[in-house]
Amino acid sequence: MLPSNASAAGTVPACERSLRRLRRERIDLCLLHWPGRHPLAATVEAFERLVAQGKIGAWGVSNFDVDGMRELAALPGGARCATNQVCYALSRRGAAFDLFPWMGARAVPAMAYCPLDEGRLVEHPALAPIARELGATPAQVALEWLLAPGPHGAGVIAIPKTASVARVEENVATAALRLSVEQLAALDRAFPPPARKVPLATA
């Protein structure tokens, strides 16, 4: 949902237009792409109305930092936010400093777009030796790090973009990988976690 459409009067019609374009009766998850000029309370109220009407299954937000998530959580219905989708990868870890801990304490799942940093991680030399050890590709290592729970891994939902069936199969096979503690520590050395707050990355 573009923020320009996310007004009290515009959210429902915008969703209905999307349904017609998609030839669907229901969208599983509808996201507000980033904070905009319309009151967030009005957007949430409209999202909740769409859920009640069966037009969307759930709703969430994207590119919201801690302040935006706090504002959202304080609204009626705000606690029903299904996810916050942010640009996040091994090489873009800013959200791990304060946003992800805030979300984790409130059981709000994090979703990572651009999980391969727009392809930059595929050629990164730090991933190659770990990929060889696992019999995997560098892309799979980067994705498995995102999926891995615990103090080193990110434990988030990753949504890699692809138009290739072979790449989809490669991404799915990532679920069978397991990074060791030593491998996770090596990735931390190559891509240090943030030591201070930084602005959220954007694609």
Side-chain angles (χ1 to χ4, degrees), residues 1-89 91-118 146-147 149 153-161 193-203:
M1 177 78 58
L2 289 172
S4 57
N5 293 329
S7 64
T11 301
V12 172
C15 178
E16 291 171 341
R17 290 193 297 272
S18 294
L19 287 167
R20 287 194 294 272
R21 286 194 300 271
L22 293 167
R23 299 180 183 178
R24 304 274 298 182
E25 295 182 356
R26 180 179 182 268
I27 294 170
D28 291 335
L29 177 63
C30 185
L31 300 182
L32 175 63
H33 283 311
W34 56 83
R37 60 185 173 86
H38 296 297
L40 190 54
T43 308
V44 170
E45 183 181 349
F47 277 159
E48 289 288 288
R49 192 158 64 250
L50 286 165
V51 171
Q53 293 170 352
K55 294 176 180 176
I56 64 174
W59 61 268
V61 295
S62 184
N63 299 302
F64 272 51
D65 209 338
V66 173
D67 288 346
M69 292 303 293
R70 286 195 182 109
E71 179 186 354
L72 177 62
L75 297 174
R80 286 189 284 277
C81 175
T83 189
N84 181 20
Q85 183 188 99
V86 297
C87 182
Y88 191 72
S91 48
R92 307 181 91 175
R93 297 179 65 173
F97 182 75
D98 56 350
L99 177 61
F100 284 0
W102 189 97
M103 292 169 58
R106 292 156 182 82
V108 179
M111 185 183 295
Y113 70 84
C114 293
L116 300 178
D117 198 359
E118 299 184 308
L146 283 165
L147 301 175
V156 305
I157 302 161
I159 51 169
K161 176 183 177 182
R196 58 182 176 80
K197 183 173 179 60
V198 296
L200 282 182
T202 56

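The two residues Ala110 and Thr83 have their closest heavy-atom pair at C-OG1, 4.0 Å. Taking all atoms of both residues into account, the shortest heavy-atom contact from Asn5 to Ala14 is CB-CB, 3.7 Å. The shortest heavy-atom contact between Val44 and Pro76 is CG1-O, 3.6 Å. The shortest heavy-atom contact between Leu40 and Gly68 is CD2-O, 4.4 Å. Nearest approach of Asp28 to Arg26, heavy atoms of both residues: OD1-NH1, 2.8 Å. Between Cys87 and Cys114, the closest heavy-atom pair is SG-CB, 4.0 Å.
The closest side-chain heavy-atom distance from Lys161 to Tyr113 is not below 4.5 Å. With a 4.5 Å cut-off on side-chain heavy atoms, Val61 and Trp34 do not count as touching. Residues Leu29 and Met111 meet the side-chain proximity criterion, which asks for heavy atoms closer than 4.5 Å. Cys15 is listed as a side-chain neighbour of Ile56, based on a closest heavy-atom distance under 4.5 Å. Looking at Cys81 and Phe64, their side chains never come closer than 4.5 Å, going by heavy atoms from C-beta outward. In this structure, the side chains of Leu32 and Phe47 come closer than 4.5 Å at one or more pairs of heavy atoms. Within the 4.5 Å cutoff, the side chain of Val86 has no heavy atoms near those of the Val156 side chain. Between Asp65 and Lys197, some side-chain heavy-atom pair lies under the 4.5 Å cut-off.
Within 6.0 Å of the CZ atom in Arg106, the count of heavy atoms belonging to other residues, nucleotides or ligands exceeds 12. A 6.0 Å sphere centred on CD of Glu48 holds more than 12 heavy atoms belonging to other residues, nucleotides or ligands.
In this structure a side-chain-to-backbone donor-acceptor pair under 3.5 Å is present from Asn63 to His33. With Thr11 contributing its side chain and Thr43 its backbone, the two residues share no donor-acceptor pair below 3.5 Å. The closest donor-acceptor contact from the side chain of Arg92 to the backbone of Thr202 lies under 3.5 Å.
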Working note: Trp59 + Val51, criterion side-chain contact (heavy atoms from CB on, under 4.5 Å); need CA distance, chi angles, decisive distance, verdict. CA-CA 8 Å; Trp59 61 268; Val51 171; 4.0 Å; yes

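In this structure, the side-chain contact (heavy atoms from CB on, under 4.5 Å) partners of Ala89, at least two apart in sequence or on a different chain, are Ser91, Asp117, Leu121.
The CG atom of Leu72 lies 8.5 Å from the CG atom of Asn84; values are rounded to the nearest 0.5 Å. One distance of note links CD of Gln53 with CD of Glu16; it measures 7.0 Å at 0.5 Å rounding. With values rounded to the nearest 0.5 angstrom, Met69 atom CE is found 11.5 Å from Asp67 atom CG. Taken to the nearest 0.5 Å, the CG atom of Leu19 stands 7.5 Å off from the NZ atom of Lys55. Note that CD1 of Ile27 and CG of Leu50 are 8.5 Å apart. Values are rounded to the nearest 0.5 Å.
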